[in-house]
Number of protein chains: 2
Amino acid sequence: MKELATLKDIARETGFSVTTVSRALNGYFDVSEGTRTKIEQTAKRLGYSPNIIARSLVTKQSKTIGFIVTDLKRESIKDNFMYETLCGVSDTLASTTYEFVVLSTSTAKQKNKTYRQICAERQLDGVVIQGLKIEDPYLIEAMDSDTPCVLIDIPIEGEKAAYVTSNQFESAKQAVKYLRRMGHEKIAYMNGSEHAHVSQIRKKAYEEALRETGVELDPALVVNGDFEEEMARRAALHLLLNRSDVSAFFCASDVMALGVMQAAKELGIQIPKDLSVIGFDNILLSRYITPKLTTISQQPYEMGSAAAEMLIQLIEGHDGERQIELKNELILRESTSNR
Amino acid sequence: MKELATLKDIARETGFSVTTVSRALNGYFDVSEGTRTKIEQTAKRLGYSPNIIARSLVTKQSKTIGFIVTDLKRESIKDNFMYETLCGVSDTLASTTYEFVVLSTSTAKQKNKTYRQICAERQLDGVVIQGLKIEDPYLIEAMDSDTPCVLIDIPIEGEKAAYVTSNQFESAKQAVKYLRRMGHEKIAYMNGSEHAHVSQIRKKAYEEALRETGVELDPALVVNGDFEEEMARRAALHLLLNRSDVSAFFCASDVMALGVMQAAKELGIQIPKDLSVIGFDNILLSRYITPKLTTISQQPYEMGSAAAEMLIQLIEGHDGERQIELKNELILRESTSNR
DNA sequence: TCGATTTGCCAAAACGTTTTGAGTAGGAAG
DNA sequence: CTTCCTACTCAAAACGTTTTGGCAAATCGA
């Protein structure tokens, strides 16, 4: 299997110079129609395809964007958040000339290789970042880096940094207020990892919703499941054992809601009769379990897709929106009822 | 934000030549200890990181492997096959110097850009291919291409081509024979897309299992759901309406089994009392629905991980296994019972 | 007719590496 | 005093593109 044809090969074959061949193939106007078709034909005949690497070296554009994700792990098949955003990114990139490389990182790894290095090494044209923790070094770096980037679910803007998120705050408040309207007063909150921006904002929403509906905040009702089912189960078990007055649970993720439901089951607490539960994410499972989970739907696919689009705008220097907010929606199902 | 430092910068700074700097940084032995440390220090001080693109151009190694997947689409959040293999690939690649770019293709796209071009353009060091149809052009190309590749679930070998698969045939037979042992005789088979290799092999297994247990093949009992829930539902509906003697369904995927179960429900047919159902894949959902689905488990994560490992062996010229077969397992749950 | 413009083409430099082949200096061996 | 190693260093070429500046011929304007 021989090597792929180069510009030089075409030049030799047609008798023109490398320069002319290059310009012909790139649609410049200073090459006559005749030579252009001749060159194009031999290019086709030889199966020529430009060497993106060589091109990148001189143009400084790799036509590659990085999809940086923290802890790409198989456990997240339950919520498919990362996978769906990836699909969104992939789909919109498919109609462009860009391709994307998946870069899985972690807080530990970020100490070995700086964000700058990651971008520079492969001369990434742009970056989509998802799942970063608030205090991750990459966050500050990304903010005032030279290479365009768009953050998912972390509302930070910079010279070349944009973000896409959703109306987390409002929708979370809406969920809590819904519980209040159903007559619940002792509403527990299962928070996710403290290091995630979404956790902070959802928690704040929970607090504000209670305040606005005239309920005093009880710190004991706020527990943490770190976005994990098992941890949530244990935390819920502990809380429900000690506080029989809790009649509703708002969870920062569906996966944790699963843990809460499991805990309730173990204690013989019936959902929704004895305990109402609301999740967050609208994962696939949420409408298959019994009782079906009331939850807040997000649109990860659309987020990925919007992120990619915005990134390309950024890369190509068009100015436009620097922030996008998608709409979440409260989906009422069977896990909630009147007090 | 200034550009990243280059070898030239370090050379200027230290007074050595670019050659020496390069060799020092790459650990050659013909550079004295003194200069090496001096060079290393300034490299660190300037935040030097090699430009992989430039390096690739001369070494012909991009340190990038391609993950070619057909029709990366959000629908597959139900079976997470593709996502899990991706995690497997990502995890084993994480401990190497390779990175991977996701290349989503389709039968249509394969007409525009040949496999060779895809590999050559980005000078991919190797490729993992998943989800290819049997008659896809890429298959033949990959088989005798120069760039190493590992196919997932398509047992084809080549000079530089290897594959990883599972004991599909045996495990499918085992499932059908299990139904036979439970006394079922009229066993329907819901096949997946004809173009998928796994469909063909699972169908053959179904036929052979019946033959070996002395049941005459009834072509009318073989229907096709194209790996889609809705199509499977319709096909099952049609079959179950006309053939009340069918007492069991073996499905080439869990997602299609979901469709079958839905059809049964619509017809008032109870599972497993009136109809036994076995799926394939052991998707997350399969143990959450009621009744819990009896199915065959696969190990997509391990497949991806094994594929990546084998690919690197191939790339680096070590010879070793060219084919890997993982073990599937029949998982008995609640959707099957005696006739 | 002559100068000016346009058209079509090209040589050479550049991008940041690695690799090759050769060179220098110093010491050891004869 | 040569000759030969050894240890270290480097200039130059190469990888496959794009870009710059310019050159020759053809066309145009007067």
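Chain A is the first sequence line, chain B the second, and so forth, proteins listed ahead of strands; every chain is numbered from 1.
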K.L.:
Suppose we screen for side-chain contact (heavy atoms from CB on, under 4.5 Å). Which residues come up paired with B/E121, at least two apart in sequence or across chains?
P.N.:
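Only A/S49, A/I52, B/K113 meet the side-chain contact (heavy atoms from CB on, under 4.5 Å) criterion with B/E121.
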K.L.:
Take the protein atom CG of A/L4 and the nucleotide atom P of D/dC15, then report the distance between them rounded to whole Å.
P.N.:
15 Å
K.L.:
Name every residue in residues 51-59 of chain B that has at least one heavy atom under 4.0 Å from any atom of DNA chain C, in order of residue number, or write none if there are no such residues.
P.N.:
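Residues of residues 51-59 of chain B that come under 4.0 Å of DNA chain C are, in numerical order, B/N51, B/A54, B/R55, B/V58, B/T59.
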K.L.:
Rounding to a whole Å, what distance do you find between A/L25:CG and C/dC9:C1'?
P.N.:
16 Å
K.L.:
Send over the distance from A/R23 CZ to C/dG8 P, rounded to a whole Å.
P.N.:
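Computing the A/R23:CZ to C/dG8:P distance gives 13 Å.
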K.L.:
How far apart are the closest heavy atoms of B/Y115 and B/Y138, and which atoms are they?
P.N.:
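Smallest interatomic distance, heavy atoms only, reads N-CE1, 3.4 Å.
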K.L.:
To check you understand the geometry: which heavy-atom pair defines the closest contact between A/L132 and A/T70, and what is its length?
P.N.:
N-OG1, 3.4 Å
K.L.:
For the helix from C/dT1-D/dA30 to C/dG30-D/dC1, how many degrees between its two end axes (five pairs per end), to the nearest 10°?
P.N.:
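The end axes of the helix from C/dT1-D/dA30 to C/dG30-D/dC1 are about 60° apart, to the nearest 10°.
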K.L.:
Kindly say whether B/S56 contributes a backbone atom to a donor-acceptor pair with the side chain of B/S62 at under 3.5 angstrom?
P.N.:
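Looks like no, no N/O pair under 3.5 Å.
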K.L.:
Which of residues 28-41 of chain A sit near DNA chain C, with a heavy atom under 4.0 Å from it?
P.N.:
A/D30, A/V31, A/S32, A/T35
K.L.:
Hey, can you pull the residues of residues 12-21 of chain A with a non-hydrogen atom under 4.0 angstrom from DNA chain C?
P.N.:
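Nucleic-acid contacts, sorted: A/G15, A/F16, A/S17, A/T19, A/T20.
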K.L.:
For a side-chain hydrogen bond (donor to acceptor under 3.5 Å, both in side chains) check, start with the C-alpha distance between B/S22 and B/T19, then their side-chain angles and the critical distance, and finish with the verdict.
P.N.:
CA-CA 5 Å; B/S22 169; B/T19 307; over 6 Å; no
K.L.:
To the nearest angstrom, how far is A/K60 atom NZ from D/dT17 atom C1'?
P.N.:
14 Å
K.L.:
With no hydrogens and no angle check, do the side chains of B/T64 and A/R122 hold a donor and an acceptor under 3.5 Å apart?
P.N.:
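Yes, a side-chain donor-acceptor pair sits under 3.5 Å.
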K.L.:
B/Q61 CD to D/dA14 C1': how many Å, rounded?
P.N.:
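Rounded to whole Å, this separation is 16 Å.
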K.L.:
Determine whether a donor-acceptor pair (N or O, by modelled atom type, separation under 3.5 Å) exists between the side chain of A/T42 and the backbone of A/T14.
P.N.:
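Answer holds: no.
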K.L.:
One thing to verify: whether A/R116 and A/E141 come together as a salt bridge, which I'm taking to mean a side-chain N less than 4.0 angstrom from a carboxylate O.
P.N.:
no
K.L.:
Between A/K63 and A/T97, what is the shortest heavy-atom contact and its length?
P.N.:
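Scanning both residues, the minimum pair turns out to be NZ-OG1, 3.3 Å.
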K.L.:
Any side-chain donor-acceptor pair under 3.5 Å between B/D71 and B/S106?
P.N.:
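No, because no side-chain N or O of B/D71 sits under 3.5 Å from a partner of the opposite role on B/S106.
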K.L.:
Given the rule in the salt bridge (Lys or Arg N to Asp or Glu O under 4.0 Å) test, do B/D9 and B/R12 qualify, once you have shown the distances and angles that lead to the verdict?
P.N.:
CA-CA 5 Å; B/D9 297 326; B/R12 191 176 335 104; 3.0 Å; yes
K.L.:
Rounded to whole angstroms, how far apart are CD on B/Q123 and P on C/dT17?
P.N.:
16 Å
K.L.:
Identify, with sequence neighbours excluded, every residue that meets side-chain hydrogen bond (donor to acceptor under 3.5 Å, both in side chains) alongside A/R23.
P.N.:
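A/R23: side-chain hydrogen bond (donor to acceptor under 3.5 Å, both in side chains) contacts with A/D30.
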K.L.:
Can you tell me the distance, in whole Å, between the CG atom of A/L7 and the P atom of C/dA11?
P.N.:
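Roughly 14 Å, once rounded to whole Å.
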K.L.:
What does B/S22 touch in the nucleic acid at a heavy-atom separation under 4.0 angstrom: a base, only the sugar-phosphate, or nothing?
P.N.:
base
K.L.:
The side chain of A/K8 is closest to which nucleotide in this list: D/dC15, D/dT19, D/dT17?
P.N.:
D/dC15
K.L.:
Determine whether the side chains of B/D153 and B/Q130 contain a donor N or O and an acceptor N or O closer than 3.5 Å.
P.N.:
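Side chains of B/D153 and B/Q130: no pair found under 3.5 Å.
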K.L.:
Check the side chains of A/Y301 and A/D91 for a donor-acceptor pair under 3.5 angstrom, ignoring hydrogens and angles.
P.N.:
yes
